[in-house]
Structures are given as C-alpha cells and as structure tokens.
Amino acid sequence: MEKATILFHLGPLGISSIVVTTWGIMFFLGLFCWLATRRLSTDPGPLQAMLEGSISAIDAAIRALLPHSTEKVLPFIATLWIYIVTANLTGLVPGLDSPTACLSVTAGLALLVFLSVHWFGIRSEGLIAYLRHYLSPSPILLPFHIISELTRTVALAVRLFGNMMSLEMAALLILLVAGLLVPVPLLMLHIIEALVQAYIFGMLALIYVAGAMQSRSKVNQEKERTDT
Amino acid sequence: MELDWTTFILEIVNFLVLVWILKHFLYRPVLGVIARRRAQIEESLSEARDSREQALALKDQFEGRLAGWETEKEAAHAALMEEIAAERQRLTVAVAKAMDEEREKRKAVEVRQQQEWLRAAAEQGVAQGQAFAARLLERLAGPELETSLFGLLLQELTQLPEQQRKELAAAAVPDEKIRILSAFPLAKPQRDELTAALKDLLGRELPAEFGEKTDLVAGFLITVGPWVMHANLRDELRFFEK
C-alpha cells in the first residue's frame, strides 16, 4: 500500500486522506447516532430496535467476560467494533480507502488497546497488584510477559492492517486483470472479512482487557493452588 | 507500509473523540432506554406479583370466610334443629295437654250426658211409674178404696200436730163454709163423722159443703179458708211425680 496522500496541512501537521476519511466516518457516525437517538422511547421502532439489538449484543459479549465491569469497558470495546467495521467497509465506497488498511491507523488502535489494558487493569486491581501479576508465577517470566504484551500489540496492528490491505490489494489486482464485474465476489468477501476482522480485533482487545482486570484474582488463585 | 506519525497520533485522538461521541450520542441514550424498559418490565412484574399476592390473599381470605360461613351455617342449622325439637316438644306437650283437656271435657260431657240420661230415665221411669200407678189406682179406685181413704183421713186429722191444729184454727174464717170434695158420694154417716172430726180439729163448728169431683180418682179435697188438705190419689200422684 502506498503512503497516504497528504491533502492539506494544519500548521506542522500534514492531514492525510486517511485522517480525513476518519473524520468523515466520525461525522457520519456522530450524525447518525444523534439523529437516531433523538426520540427514543420504550416502544421502539425498527431503527431503535436495530440499535438496541446491536448495543445489547455488544453488552452481552462484554458481560460474558466481565460481568461486574461491563459499564466501564463497553464504550471502548463497542467503539472499537463500530469504528473498525465502518472503517473496513469504507473501502467498498468508490474513491475511498479503508483507514484500517493503513498501518498508522491500526498501530494507533493497537497502541490504544495496549494502553487501555493497563489502564483498566490498574483501575480495577490497583497499581501494585496489577504489576505484581507480571511476576507470577515466577519473576523469571517477567521478560516473557513484557515480550508477550508487545508482540500481541504488534500482532493486533499488523493482523488488521495486513488483512485489510491485502484484501484491497487483491481486489484491485483482480479488477485490473479480469474486468469490471469479476471482483464482485471478492467484494462480498470483503464485507465478510471486514466483519470478521472487526470482531477479532474487538474480541482480542476485550480478552486482553478482561485478562488484565482479572489478573489479581488469577494471581490469588495460583497462589492458593501453590499453597495447597 | 510506512508509519506516519501524524496520522498515528491523529487517529488516536480521533478514536478517543469518537469514543466520547458514541458514548454520549449512542451508548448512554440506548442503554438508558433499555434500562427504562427493564425498569418498566420490573415494575410491571412487581405489580403483577403484588396483584398475584393480593389475589392469593383475597383467595385465602374468601376461603377463610367461606369456612366461617360453613361453620356459622352448621351452628345455625344446629340451633334451628334444637329450636325445632323444642318447638316439637312444646307442641307435643300442648297437644297432649289439649287432648287431656278434651278428654276430660268429653268425660265430663259424657258424665253429664249420662247423668242427664239417668235423670231422663229416672224421670221417664217416674212418669211411667206415676202413669202406671195412676192407671192402676184408677182401676182400683172404688167405694172400698174411698172408705179406706176416709178412715185414713180421719186418722190423719186426729193425729195432726198441735202446731198445725192451731194454725188451722187460726186460718178458719168464721161463717165461711168448709168445702169438702170427694171422688165418690159420701154417705150421711160418713159426712157427719167427717164434720165432727173437723169440728174437733178447728175447735168450733163451721158449715160444710160437700161435693163430688171425679178427677180426684179416690179420696178427698178439703178447703178451710186458705188451707187446702189434699187427701186424694190425684194429688198424691202429682206429689209423687214432683
């Protein structure tokens, strides 16, 4: 994938097309949500039922892993899912590129997941208790814990970037080689892949966050196991 | 595949802004309305539970009331049966008493009827006896009987008590005739003997008038002033009848 095109500059910052696309997605999502949630009632219409079903499904998925901290984690994880799905599907719009096909975007998201894991872990367990789990079951494993944290973050970024970039690249190549209608099945695969990748990214982020928030109980369980 | 730090940083900022936007314009309103609906459902369920509990309480209450009614009904039935038994006993006693009274009344009536019948029979017997005696005496009446009665009259006159003699003498009005009626004609000696007996009885001589009266059957009827001496069978039979 080529480097993102710089459309204009805001002072020293060069605003790329990816950033503009992201702003567009943000504007679209914000406007849609504002319009859709202006007149919510306890007797929902089709649009409200769709929104409630989506949010309830996300809430149920989070509650299955974090039954006591769902409200804390839901905005972050749900926004990951919604944004990545939207960003992945943006590539289907002619003239627009998926922001998630850019490594800067996926790296930023992965960094946010990395930071949020520690943020939620420290908020949930406390700083000392949270850091102590890196020393369990043995301090010798501390480097491996750190490597694991870094590699899984890199893996998050590269997995999403690689899949989306390769998908767009393959569609582009087939379009160039075969003709106008041949990439249609591939575009349908693009939709499925967009949903799957968003699900994987969000679910992994949720699992990492849940692991961090439940690390103290794990440590305690392991300690009890070793004592017995 | 190149990392653009500006895009990288702006994407982080953008994502955080998007989190804020969606939190305020999507999650909070939608979760709020879901919570409101759940609250309404819980409220409806709570009301339904309350209604069910109230219904069960009412059911228990009505069952208890029905049981109470059943007990009251049984008690009322028992009281009614006792009242009926008492009323039956009272009516039985009253009927027995009425029957006793009726029996006594009928007994008294029977006794009275019997007495009446006996009296009527006695009267009838007396009447028949009187009729029989009258008929017998009528057939027996004759001079011989007259003579016997004459002798009996003289004997009665001589044997009158002294008190009656004085009253008779006082009742005799001077110069008023003594009226002597007989069933059969008296002979001269008999008239003289009777006049002498009356003179001896009254203490003075009064004129006597003799007559005959056949319905006397036999015997005499002697009138001295207001005093009348019935010495005949007719008056004797009447006396016997009375």
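Reminder, nothing fancy here: chain letters follow the sequence lines and each chain counts from 1.
Using a 4.5 Å cut-off between heavy atoms, Leu31(B) touches chain A through its side chain atoms alone. If you measure heavy-atom distances from Leu112(A) to chain B, the contacts under 4.5 Å come from the side chain alone. With a threshold of 4.5 angstrom between heavy atoms, Leu18(B) approaches chain A through its backbone and through its side chain. Contact annotation for Leu109(A): only side-chain heavy atoms (C-beta onward) come within less than 4.5 Å of a heavy atom of chain B. Heavy atoms of Leu10(B) lying under 4.5 Å from chain A belong exclusively to its side chain. When heavy atoms are compared at a cutoff of 4.5 Å, Pro12(A) does not approach chain B at all. For a residue to count as touching a neighbouring chain, one of its non-hydrogen atoms must lie under 4.5 Å from one of that chain's; by this rule Ile55(A) touches chain B with the side chain only.
Summarising the geometry, atom CG belonging to Leu115(A) is positioned 7.5 Å from atom CD1 belonging to Ile12(B); distances are rounded to the nearest 0.5 Å. Atoms CG and CZ, on Asp43(A) and Arg37(B) in that order, are 8.0 Å from each other to the nearest 0.5 Å. Rounding to the nearest 0.5 Å places CD of Glu71(A) at 14.0 Å from OH of Tyr27(B).
Between Gly14(A) and Thr6(B), the shortest heavy-atom contact is O-CG2, 3.5 Å. Scanning both residues, Leu22(B) and Cys33(A), for their nearest heavy atoms gives CD2-SG, 3.6 Å. When all heavy atoms of Arg36(B) and Leu40(A) are compared, the pair lying nearest together is NH2-O, 4.2 Å. The shortest non-hydrogen separation linking Thr7(B) to Ser16(A) is OG1-OG, 3.2 Å.
The distance between the ring centers of Phe76(A) and Phe15(B) falls below 6.0 angstrom.
A donor-acceptor pair is defined here as one N or O able to donate and one able to accept, closer than 3.5 Å; no such pair exists between the side chain of Tyr83(A) and the backbone of Val19(B).
A donor and an acceptor atom, one from each side chain of Ser104(A) and Glu11(B), are nowhere located under 3.5 Å apart.
Residues from residues 72-106 of chain B never place a non-hydrogen atom less than 4.5 Å from a non-hydrogen atom of chain A.
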